[in-house]
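Step one of this worksheet: look at the structure below.
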Amino acid sequence: MDYDPMVMDDAEALGPVVKISQADSVRVKYELSNADLSFANSLRRVMLAEIPTIAIDLVEIEENSSVLADEFISHRLGLIPLNAEGIDSLLYARDCDCDGCCEHCSVRLTLHAKCTGEENMHVFARDLVPTGDRINQVLGTPIVSDAEGLGPLILKLRPGQEIKLECIAKKGIAKEHAKWAPSAAIGFEYDPHNKLRHTDYWYESDPKAEWPPSEYAAWEEPPQEGEPFDYDAVPNRFYFNVESAGALPPDVIVSEGIKVIQQKLAGLIHELAEEGGDGMNGDYNGPRSPEYGTGADGFGGYTTPFGNAGNQSSWGGAGGTTPYGTTPYGAGQSSWS
Amino acid sequence: MPRAKAKKEEPVEAGSDVDMEEAPTSHQPENTDDMSVDQDDNDEEEGFEEDEEDEEDDVQRVRLLPGSTPTAASFEFLNEGHTLGNALRYIIMKNPDVEFCAYAIPHPSEAKMNVRIQTFEGTTAIQALQKGLQDLQELCDIVTDKFIDARERYAATTSS
């Protein structure tokens with residue numbers, strides 16, 4: 001950013017800082033500092049709901065003599081985490097040229113189990129077998145992370161019962177359905193001592209005694225006794241705890257999240273450049289921005305809230321866009337006539 | 001029936017209401033045939049996806065609202081929300097040439113986000129918006145770099 005550092009706080013001029021405090025195959029805990037709450041929250045929201053992953057979306061049941069209903073099993077299958085490595089090269093089914101689904105936009109999995117023994121049989125995610133061509137050898141494989149190598153339990157079969165089905169897994173985002181969420185949970189926290197008073201603690205007699213301190217309380221200076229409230233203070237350090245559901249490693253969730261924001265922005269920049277900044281529709285009757293006279297927009301003056309005639313420019317004598325000139329009320333000097 | 005057919009040949013404007021007579025045909029998912037009865041609850045999702053696709057293909061996602069002037073403009077973003085709105089508002093407000101910037105989601109059941117930008121003389125609201133988008137991209141680049149750095153440093157400290 002090429003803004004004058006003088007207008008920023010000293011700390012902010014240094015730019016954002018990332019510190020990782022814990023990382024393993026299921027979670028990454030990190031601190032983002034010298035950033036704004038709005039950006040940190042964008043990152044949180046994007047990691048939660050907008051990172052593409054793959055999940056079972058269609059189920060064709062051939063045989064189901066289990067006690068569970070078809071749609072119940074379909075729902076359970078949808079929620080099984082599938083490996084999303086290489087999801088970038090998978091197309092959204094809606095963007096694919098094929099009719100329905102093909103290997104470029106979906107992964108097929110089959111499940112066939114019959115209980116032939118004397119005891120009840122457990123059907124696990126590992127029994128879901130990817131079939132047909134795939135973009136790579138791991139995309140769409142059920143995640144199995146337990147020690148026994150079984151994966152999530154799908155259903156149980158009594159002796160003689162059988163389940164046979166075919167699933168089609170598609171690419172999607174958690175904004176559409178939570179089954180596409182890459183993260184199991186995202187911890188997001190700032191200001192552990194509540195110095196900014198963004199939180200109002202409920203308490204019986206003493207909030208300090210009743211509320212346990214945050215795990216990050218030691219990272220920040222506790223407030224001094226009798227310290228006056230700093231109403232100019234803004235949150236500056238954000239503590240993330242990104243826990244993966246297994247589809248993507250936690251660090252990839254973070255970098256993919258930022259990538260999704262950038263793709264959003266790139267799309268908008270592209271569109272703005274394409275339309276040359278003139279996106280006005282002549283026959284548009286939707287919401288309007290606040291009016292002040294009739295400017296260069298060619299809009300009839302009869303639509304202004306105060307009914308001033310369309311022949312006066314808001315630029316003449318009104319002081320342009322001074323704080324008082326751009327309000328809906330203070331357009332021309334003769335607004336009221 | 002012939003009446004309904006004649007109607008069908010007329011070009012239907014995108015986004016306009018569909019006649020009741022046409023509803024049965026146009027609202028059926030196109031690929032009903034190759035889906036068995038035992039499908040997941042995807043009929044609705046399919047329909048939703050197709051709508052969204054149409055929107056992305058035909059409709060511009062950023063629109064300058066009427067009543068705007070070069071230095072004071074409101075923009076309407078389709079299919080955006082607080083995720084983009086708040087970060088964009090912050091980064092545009094950081095621009096010293098910008099007098100005012102705010103965003104709003106006028107109604108929660110419409111996927112629309114409005115941004116108001118007022119600039120000082122010398123730049124335009126559209127330029128401020130473009131600069132804001134680019135600055136936010138740069139911020140993302142920096143945070144990505146910092147995160148990758150931190151990850152490598154963490155990996156180095158834990159392995160050694």
Side-chain angles (χ1 to χ4, degrees), chain A residues 1 3-4 7 15-20 23 30 32 35-36 38-39 41-42 45-46 50 57-61 70-71 74 78 94 99-100 176-177 251 254-255 258 261-262 264-266 268-269 271-272 275 277-281 284 287-291 295-297 299 314 320-321 323 326, chain B residues 31 34-36 38-42 45 48-50 53 60-74 76-77 82-84 86-87 89-90 94-96 99 106 114 116 118-121 126 129-130 133-140 142-144 146-151 154:
Chain A
M1 291 194 295
Y3 296 133
D4 182 7
V7 299
V17 177
V18 177
K19 235 189 279 172
I20 294 178
Y30 66 97
L32 175 67
D36 190 69
S38 61
F39 178 75
N41 193 40
S42 289
R45 287 173 64 99
V46 137
E50 295 185 44
D57 199 39
L58 282 171
V59 180
E60 283 179 42
I61 293 178
D70 292 355
E71 54 268 46
S74 306
R94 56 172 178 271
D99 188 29
E176 186 178 333
H177 193 294
D251 56 324
V254 179
S255 33
I258 301 174
I261 303 180
Q262 286 189 307
K264 245 181 213 286
L265 292 165
L268 289 169
I269 290 171
E271 192 174 323
L272 275 178
E275 68 190 44
D278 180 30
M280 185 104 78
N281 286 1
Y284 179 64
R288 302 171 55 81
S289 53
E291 307 255 348
D297 57 359
F299 224 84
S314 60
T321 48
T326 46
Chain B
N31 43 2
D34 49 38
M35 278 187 230
S36 79
D38 300 323
Q39 61 183 11
D40 208 344
D41 51 348
N42 288 298
E45 281 173 20
F48 174 69
E49 275 172 19
E50 275 162 25
E53 183 191 24
Q60 58 186 60
R61 294 215 302 135
V62 194
R63 157 191 284 159
L64 189 65
L65 292 180
S68 301
T69 63
T71 57
S74 298
E76 184 185 74
F77 292 72
H82 297 284
T83 307
L84 188 78
N86 199 11
R89 185 219 98 239
Y90 159 76
K94 276 272 174 224
N95 185 340
E99 182 196 24
N114 288 359
R116 173 73 175 176
Q118 289 171 205
T119 63
F120 294 112
E121 294 291 340
I126 290 164
L129 175 64
Q130 275 168 336
L133 291 166
Q134 281 153 10
D135 286 343
L136 199 52
Q137 262 196 330
E138 279 174 46
L139 177 61
C140 288
I142 290 168
V143 174
T144 312
K146 296 277 172 103
F147 182 78
I148 290 167
D149 272 3
R151 192 183 62 188
Y154 182 83

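Computed from a predicted model, the values in this text were never measured in an experiment.
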A/Ser255 side chain reached by B/Ile148 side chain, heavy atoms, under 4.5 Å = no

Can you tell me how far [atom2] of [Y] sits from [atom1] of [X], rounded to the nearest 0.5 angstrom?
X: B/Leu139; Y: A/Ile258; atom1: CG; atom2: CD1; result: 9.0 Å
X: A/Asp36; Y: B/Arg89; atom1: CG; atom2: CZ; result: 7.0 Å
X: B/Gln130; Y: A/Leu268; atom1: CD; atom2: CG; result: 11.0 Å

Just by modelled atom types, is the [Y] backbone N or O under 3.5 Å from a matching donor or acceptor in the [X] side chain?
X: A/Ser42; Y: B/Thr83; result: yes
X: B/Gln137; Y: A/Leu265; result: no
X: A/Gln262; Y: B/Cys140; result: no

In terms of heavy-atom contacts, A/Lys264 and B/Leu84 come closest through CD-CD1, 4.2 Å

All heavy atoms of B/Val143 vs all of A/Val18, minimum pair found to be O-CG2, 4.3 Å

With sequence neighbours left out, the residues meeting side chain to side chain donor-acceptor pair (under 3.5 Å) with B/Thr144 are none

Across all chains, not counting sequence neighbours, the side chain to side chain contact (heavy atoms under 4.5 Å, CB included) partners of A/Ile20 are A/Ala23, A/Val28, A/Tyr30, B/Phe147, B/Ala150, B/Arg151, B/Tyr154

Looking only at B/Leu136, B/Asp149, B/Leu129, most heavy-atom pairs under 4.5 Å shared with chain A are made by B/Leu136

